[in-house]
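Structure first, then comments.
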Amino acid sequence: MEDPTVISGDLSPKQAIQLQKDAASQVITYDDLPTVKTVAGVDVGFENRDVARAAVVVLRLDDLTPVEYAIARQPVRMPYIPGLLSFRECPAILDALNQLNRKPDLLLCDGQGIAHPRRLGVASHLGILTGMPTIGVGKSRLTGTHGPVPDIKGQWTPLEDDSEVIGAVLRTRQGVKPLYISSGHRVSLPTAIEYVMACVTRYRLPETTRWADGIASDRGQNWLRAIKTDRS
DNA sequence: GCGACAG
DNA sequence: ATCTTGTCGC
């Protein structure tokens with residue numbers, strides 16, 4: 001393994017796991033990010049199981065207005081294996097990110113950050129690959145345990161693995177299942193929670209994720225015409 | 001050996 | 001992730 005972070009071609013599960021162990025040591029879990037003016041949401045949808053469609057939507061943090069988006073389609077190379085999600089989705093995401101005119105200051109990814117068996121969920125892996133600050137926003141648990149979460153918007157409970165805090169189980173809205181937040185790269189857990197809440201309005205998912213979901217999935221056209229694109 | 005298991 | 005209608009609750 002020359003560069004332990006590169007995803008080149010198809011890897012066997014064993015190779016992928018070894019790469020994760022090597023790359024995990026490069027993850028930064030303290031705050032090392034610039035002033036955040038724009039936040040992007042990234043998500044991947046699938047067309048007929050064999051084509052991945054990644055969507056990246058950049059929003060202004062102050063009013064959560066979308067300012068730019070990009071979509072990338074790529075043939076699927078790896079199957080979905082719990083713990084190895086990034087190898088399946090990152091190629092398409094990187095492609096979409098490269099299409100942006102201006103890089104966002106922060107990335108909110110669907111899936112875990114360091115709340116992962118080897119501390120390298122898709123958000124952390126994407127952070128290492130791009131060098132960008134990232135946060136993991138999972139809709140369900142991959143690993144770790146936690147106590148009950150108060151049913152009050154903004155409240156959270158630590159997610160831990162062997163008495164190590166790897167994330168937070170956050171109630172983004174009363175009466176709905178909580179979200180699993182964790183540091184991706186260059187963002188601490190407290191800061192991650194703050195930014196996620198800053199992107200939440202009246203729904204369970206932050207606006208970044210809602211926009212990316214909509215565009216990555218089928219009815220993307222409906223969401224696209226709602227964006228006043230400033231691209232040619 | 002028997003579960004658990006992001007999207 | 002994706003397949004899918006109506007329905008319960010604030």
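Chain identifiers are assigned alphabetically (A, B, ...) following the order of the sequence lines, protein sequences preceding nucleic acid strands; residue numbering begins at 1 within each chain.
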Where the side chain of A:N48 meets the backbone of A:D50, is there a donor-acceptor pair that is under 3.5 Å apart?
no

Heavy atoms under 4.0 Å is the rule here; annotate nucleotides 2-7 of chain B 5' to 3' with B where the base is hit, S where only the sugar-phosphate is, and - elsewhere.
--SBBB

For A:G144, does its backbone N or O pair with a side-chain atom of A:E160 as donor and acceptor, under 3.5 Å?
no

Other hydrophobic cluster members with A:Y203, side-chain heavy atoms of Ile/Leu/Val/Met/Phe/Trp/Tyr under 4.5 Å, chained?
none

Strictly by side chain to side chain donor-acceptor pair (under 3.5 Å), give each pair with a member in residues 164-177 of chain A just once, sequence neighbours left out.
A:R119-A:E164

Bracket string, DNA chain C, 5' to 3' - pairs by Watson-Crick or G-U geometry under 3.5 Å, | interstrand
..........

To check you understand the geometry: which heavy-atom pair defines the closest contact between A:T157 and A:P150, and what is its length?
OG1-CD, 3.8 Å

Paired and unpaired positions of DNA chain B as dot-bracket, Watson-Crick or G-U wobble under 3.5 Å, | denoting a partner strand
.......

Is a side-chain donor or acceptor of A:S86 paired with a backbone partner of A:C90 at a separation under 3.5 angstrom?
no

Check A:S124 against A:G184 and note the closest heavy-atom contact, atom names and distance.
OG-O, 2.7 Å

Main-chain N/O of A:I71 paired to A:Q99 side chain as donor or acceptor, under 3.5 Å
yes

Count the heavy atoms of every other residue, nucleotide or ligand shown that sit under 6.0 Å from CG of A:D162, and state whether that count exceeds 12.
no

Does A:A55 offer a backbone N or O that forms a donor-acceptor pair with the side chain of A:D43 under 3.5 Å?
no

Is a side-chain N or O of A:T134 found less than 3.5 angstrom from the main chain of A:L107, in a donor-acceptor match?
no

Distance-only donor-acceptor check, side chains A:S12 and A:Q15, under 3.5 Å:
yes

Enumerate the protein-to-nucleotides 7-10 of chain C contacts in which both atoms are nitrogen or oxygen and the separation is below 3.5 Å.
none

